[in-house]
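All remarks here apply to the structure that follows.
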Amino acid sequence: MIRTRALLPALVASLLVAGCTGKPPAPTADARDADEKATPAATAPDTRDIPVIQEAFLTPMTPADNIDSPASWTTADGQRWLIATAKATDKLVVYDGQTGAHLREVGTTGEGAGQFKRPNGIAVVDNLVFVVERDNHRVQVLSLPEFKHVLTFAAEQLQKPYGLWINKAGDGYQVYVTDAYMAGEDAQGEDILPPLDQLDKRVWRFDVARNGDALLAKAVGSFGDATADGALRVVESIWGDPANDRLLIAEEDETYANELKVYDLAGMYAGKTIGRDVFKAQSEGIMLKTCGDGSGWWLTTEQGKGRTVFHLFDRKTLAHTGAVTGAQVANTDGIWLDASTSERFPEGVLYAVHDDQGVVAFDWRDIAKALQLPACQAP
């Protein structure tokens, strides 16, 4: 949760200087995330009657790691790897995506290639894993299965990055990265939110192109609406739907609202938000389930401390379809939907972080049955 405070003149001056030089300020030494800084506001007991589905597995729980976000990848011989960022121990943790068993760990603390400082958002596309590092304010790209460093980019643009979404475009990639830069802290240690007209760089877009075996990255620009309705106050999770020219971006400033902002791929606010009428806690992870006929559902996360609720919205109309919760899962940050088929998960699987300690899995068939969803043929 973020509590906004009045912006001090000195802080305004420092931001203007940073804007003139083009260099982001150094990351704060405080390792806590934005939503960990303030005491959550008291809420009424949650009495909603939400279908409960059983987790297919839980990975080993490792509280010291502070697991944030998962992604998955299938090897050439059909093994599925579930890869999660461990932001407190500066590494990636790799699990078996079918059973949840711990397989290995990747990375050490540092600023070099293959090293991490506060890895947060993660995404896998083709044989590449993209990792956002908050405290190195950059994105690293590693090739799979070796986890070999391929590219580091965005350190000159990003200040306090958290999440990302990748749109594959031809042989290259459009990479959208959220940036939750702040204007300092008040006497109580709470983040000071910049004024609306300084929230225009909440999302950066980079084009990543292949050059033989290498990758090259170029900053395309940044965006963020400056109106009260469209402004991105605190940002992390983002996902896109190119077929409908749509981005969903989670608003994580609970003092303002629990909702998702709707933008287009060019970075323009679409004049619409969703979720405010159904979210009872902070909005978090976002994924998209696509069907061959163009239909599908947005899967979004309500990060309750006692339980996580997953809300589904219609892909095209954005109407609320329903909600489910797990028997155990709570306090979820990132999620990842793997729609590929396997013997264990023949119609796909939803992975969700559990209480900063590990990852749980939900069989898509159980979600579809609980909400009586129509059959969804893969594209």
Side-chain angles (χ1 to χ4, degrees), residues 1-4 33-51 162-163 165 176 178 180 191 193-196 199 202-203 223-241 244-264 267-289 296-325 329-335 352 367 371:
M1 180 187 295
I2 293 293
R3 298 189 186 281
T4 57
D33 286 318
D35 60 353
E36 296 173 341
K37 287 178 175 289
T39 302
T43 57
D46 188 351
T47 59
R48 292 171 294 175
D49 184 14
I50 297 173
Y162 280 92
W165 171 65
Y176 292 76
T178 55
D191 283 321
L193 190 68
L196 296 184
L199 297 178
R202 272 302 192 233
V203 182
F223 61 84
D225 194 76
T227 66
D229 289 339
L232 300 166
R233 290 161 176 79
V234 180
V235 289
E236 180 173 2
S237 299
I238 181 172
W239 205 260
D241 181 7
N244 291 289
D245 190 21
R246 184 173 284 160
L247 288 171
L248 289 192
I249 307 170
E251 174 59 76
E252 298 197 16
D253 183 358
E254 290 192 273
T255 65
Y256 170 73
N258 296 311
E259 65 183 11
L260 299 135
K261 302 290 177 69
V262 183
Y263 275 65
D264 64 22
M268 298 297 294
Y269 174 53
K272 183 178 181 63
T273 68
I274 62 172
R276 185 181 291 197
D277 55 337
V278 294
F279 279 49
K280 304 300 182 185
Q282 188 179 70
S283 57
E284 259 289 352
I286 310 167
M287 290 296 298
L288 179 65
K289 174 72 170 178
W297 302 273
W298 288 96
L299 285 78
T300 66
T301 310
E302 177 189 314
Q303 188 187 31
K305 300 300 181 183
R307 70 169 178 176
T308 295
V309 176
F310 302 101
H311 294 275
L312 276 68
F313 296 86
D314 183 87
R315 179 186 184 184
K316 292 184 177 180
T317 68
L318 300 180
H320 189 246
T321 302
V324 297
T325 187
V329 68
N331 196 27
T332 295
D333 283 306
I335 62 174
I367 297 173
L371 296 179

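Not measured: the values here are computed from a predicted model. Atom set for the values below is all heavy atoms of this structure, side chains included, hydrogens, waters and symmetry mates excluded.
Counting heavy atoms from C-beta on, the side chains of Tyr162 and Val235 never come closer than 4.5 Å. Counting only heavy atoms from C-beta outward, the side chains of Val329 and Phe310 approach each other to under 4.5 Å.
Residue Glu259 holds its CD atom at 8.0 Å from CG of Asp229, rounded to the nearest 0.5 Å. Note that CG of Leu371 and NE2 of His311 are 11.0 Å apart. Values are rounded to the nearest 0.5 Å. A distance of 6.5 Å separates CD1 in Ile50 from OG1 in Thr325, rounded to the nearest 0.5 Å. The CD atom of Glu284 sits 10.5 Å away from the CG atom of Leu260 when rounded to the nearest 0.5 Å. To the nearest 0.5 Å, atom CH2 of residue Trp239 and atom CH2 of residue Trp165 are 8.0 Å apart. Note that the CG atom of Asp241 and the CG atom of Leu288 stand 5.0 Å from one another [nearest 0.5 Å].
The main-chain N or O of Leu193 is never found under 3.5 Å from a side-chain atom of Asp191 such that the two would form a donor-acceptor pair. Remark: the backbone N or O of Gly285 is paired with a side-chain donor or acceptor of Thr301 at under 3.5 angstrom. In terms of modelled atom types and a separation under 3.5 Å, the side chain of Thr308 and the main chain of Asn331 share a donor-acceptor contact. Judged by distance alone, with hydrogens and angles left aside, the side-chain atoms of Glu254 form a donor-acceptor pair with the main-chain N or O of Gln282 at under 3.5 Å. Under the 3.5 Å distance criterion, the side-chain polar atoms of Lys261 are left unmatched by any main-chain donor or acceptor of Leu247. Without hydrogens or angle criteria, Glu251 side chain to Leu232 main chain gives no donor-acceptor distance under 3.5 Å. Side-chain atoms of Arg246 come within 3.5 Å of backbone atoms of Arg315 as a donor-acceptor pair (strictly under, hydrogens ignored). The main-chain N or O of Arg233 is found under 3.5 Å from a side-chain atom of Arg202 such that the two form a donor-acceptor pair. No donor-acceptor pair closer than 3.5 Å links the side chain of Ser283 to the backbone N or O of Asn258.
Across every non-hydrogen atom of Thr332 and Gln303, the tightest pair is O-CG, 3.0 Å. The two residues Trp297 and Asp314 have their closest heavy-atom pair at CD1-CA, 4.4 Å. The shortest heavy-atom contact between Ala323 and Pro51 is O-CD, 3.2 Å.
Glu302 pairs with exactly one of Arg276, Arg48, Arg307, Lys280 by the salt bridge (Lys or Arg N to Asp or Glu O under 4.0 Å) rule, that one being Arg48. When each of Val278, Ile286, Leu248 is tested with Phe313 by the rule side-chain contact (heavy atoms from CB on, under 4.5 Å), just one qualifies, namely Val278.
Looking only at atom types and distance, the side chain of Thr227 has a donor-acceptor partner in the side chain of Asp225 under 3.5 Å away.
Partners of Tyr263 under the ring-ring contact (aromatic ring centres under 6.0 Å, His included) rule, at least two apart in sequence or in another chain, are Phe223, Tyr269.
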